[in-house]
Amino acid sequence: MPMGKIVSRFAPSPTGFLHIGGARTALFSWLIARSRGGEFRLRIEDTDRERSTDEATRAIIDSMKWLGLDHDGEIVHQSERADRHNEVIDQMIASGHAYYCQCSKEDVDAMRERAMAEGRKPKYDTTCRERGLTSGAVRLKAPLEGATAFRDMVKGPIVVENAEMDDMILRRSDGTPTYNLAVVVDDHDMGVTTVLRGDDHVNNTPRQILIYQAMGWDVPEFGHVPMILGPDKKKLSKRHGALSVMEYEKMGYLPEAVCNYLARLGWSHGDQELFTMDEMQALFNPDNLGSSPSVFDLTKFEWVNGQYMQKADPDRLAGLLCDFLAREVGAEEAAKVDRATFAKIAPLLQPRAKSVVDMLEQARPFIMDASFLHYDEAAVRKFLTDETKPLLEAVARRMQALPEFSEASLEAMHKAFIEERGIKFKEIAQPIRVAIMGTTQSPGLFETMAVLGREQTLARLERALAL
RNA sequence: GUCCCCAUCGUCUAGCCUGGUCCAGGACGACGGCCUUUCACGCCGUUAACAGGGGUUCAAAUCCCCUUGGGGACGCCA
């Protein structure tokens with residue numbers, strides 16, 4: 001455990017979008033820094049020029065920003081640091097911790113196959129170790145005996161026999177540094193004290209520690225979080241939810257909800273399910289990270305999002321509704337509905353909507369003109385009958401005469417009306433609902449009518465009467 | 001093949017380190033009910049798990065060993 005300020009990092013390779021698994025790793029790294037008042041750095045591992053794209057880099061940065069995972073300092077691009085990496089490799093050669101190797105790919109493959117056949121670990125057989133070559137690829141002169149141990153923040157103590165590891169390549173014969181070397185040099189140069197990353201790196205860790213030791217550098221603390229599984233318990237794939245973070249944005253999920261769900265997937269704080277970003281920062285502790293893989297459950301994710309939809313500021317939701325509508329029908333068309341209108345509708349829909357998209361869907365009958373309202377056929381047949389229509393007509397007349405068209409006055413008016421007629425509210429509620437909304441489901445009638453306003457309400461009643 | 005990791009309700013998990021308070025708690029879901037002007041929300045209840053086997057111990061979900069099952073790694077990819 002580092003004594004001073006902790007520095008954590010997230011270091012994705014820009015070969016694709018930031019998916020949900022990567023986002024969780026980023027979130028945990030961010031949390032561990034923020035919870036301990038440390039720094040959180042971002043490094044793009046773009047040394048694989050073939051597969052890295054600027055588009056992916058941008059997508060990762062956008063996703064992080066959207067999630068609210070702010071980073072400190074400049075973004076480091078690994079590809080720009082090759083000189084420094086080579087400098088370190090040269091130092092290791094000079095100090096005798098690394099050596100040149102001229103074995104061909106075929107030679108090494110043959111070695112591996114032979115070892116495999118004999119039931120041994122496939123590894124490089126150190127042929128070039130003492131040949132004193134002065135060119136070729138560069139390998140680490142790894143210790144042949146002993147063991148390398150570290151205490152993983154999530155998995156506990158891990159020990160690997162040095163005999164299990166081979167002399168890994170540090171610099172390829174084309175002069176480019178390899179991943180394991182670059183990671184160590186960059187983490188060291190960036191002052192990283194805490195490395196939280198995916199499970200698939202546990203095996204790399206002892207190798208990397210060997211490099212730290214060869215250079216005489218402080219070894220950071222490591223933590224490896226298990227991966228996220230799909231409902232079939234297989235590695236999460238595009239099929240079931242390994243979507244890019246921005247896909248969830250498009251589906252109308254709120255960023256805090258995404259963080260909350262992701263945080264609870266593999267981390268816990270007693271029985272608490274819901275955490276604000278501030279609470280997460282205050283309560284996060286790597287000791288509570290789980291060590292077994294977890295299944296991504298869209299149903300629970302939706303529930304979490306629904307909770308955040310309920311608690312969200314209506315005005316914020318209104319802004320989102322405007323944005324989503326604009327995406328759908330274009331800015332010009334969307335401008336016909338103002339934010340204030342959505343701000344009035346949002347509170348009615350908050351307990352009912354699982355997402356922004358869902359809310360926009362439910363807001364539709366509110367924002368369209370009476371003349372375009374869609375009437376559900378079955379609902380019309382059932383509720384707009386010869387018995388109910390006269391009632392609706394009478395109610396409409398009273399609405400017209402109402403001095404003030406508010407939720408309270410509407411309620412009072414309806415109450416008086418049913419008392420006079422000696423009927424139950426139930427008898428007119430659904431007919432009214434179908435008449436003004438076109439369906440049998442909507443928020444409370446009085447609040448709905450109040451939001452609609454007198455003009456729209458009456459226009460809809462009129463249209464319904466004519467059906 | 002070798003090495004590493006993992007294993008509590010269908011799912012996310014608490015408990016495990018520091019055995020007894022656990023005939024295992026919470027949450028999502030499912031089911032039933034309440035509320036109610038519909039749909040939601042909310043509330044109440046039901047359902048359902050310590051992978052298996054051996055130890056250690058007065059006592060084990062908790063400690064040890066084995067088995068099984070799952071995953072990962074073994075690249076001049078990252």
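A note on names: the letters A, B, ... follow the listed sequences, proteins ahead of strands, and every chain is numbered from 1. Heavy-atom basis, side chains included; hydrogens, waters and symmetry copies ignored.
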Looking at [X], I'd like to know whether one of its side-chain N or O atoms comes within less than 4.0 Å of OP1 or OP2 on [N].
| X | N | value |
| --- | --- | --- |
| A:Q78 | B:rC77 | no |
| A:K426 | B:rU38 | yes |
| A:R172 | B:rC77 | yes |
| A:R171 | B:rC76 | no |
| A:S294 | B:rU13 | yes |
| A:K233 | B:rU11 | yes |

Exactly one of A:Q307, A:R264, A:E256 clears side chain to side chain contact (heavy atoms under 4.5 Å, CB included) with A:L274, and that residue is A:Q307
Just how far, in rounded Å, is C1' of B:rC12 from CD of A:E302?
-> 15 Å
Give the rounded distance in Å between these two atoms: CD1 of A:I436 and C1' of B:rU37.
-> 11 Å
Indicate, with a heavy-atom threshold strictly under 4.0 Å, whether A:S268 touches base, sugar-phosphate, or nothing.
-> sugar-phosphate
Using a 4.0 Å heavy-atom cut-off across all strands, classify A:Q310 as base, sugar-phosphate, or nothing.
-> sugar-phosphate
With a 4.5 Å heavy-atom cut-off, do A:M165 and A:P206 have their side chains touching?
-> yes
Whichever of A:P157 and A:R433 has its nearest RNA chain B nucleotide further upstream toward 5' = A:P157
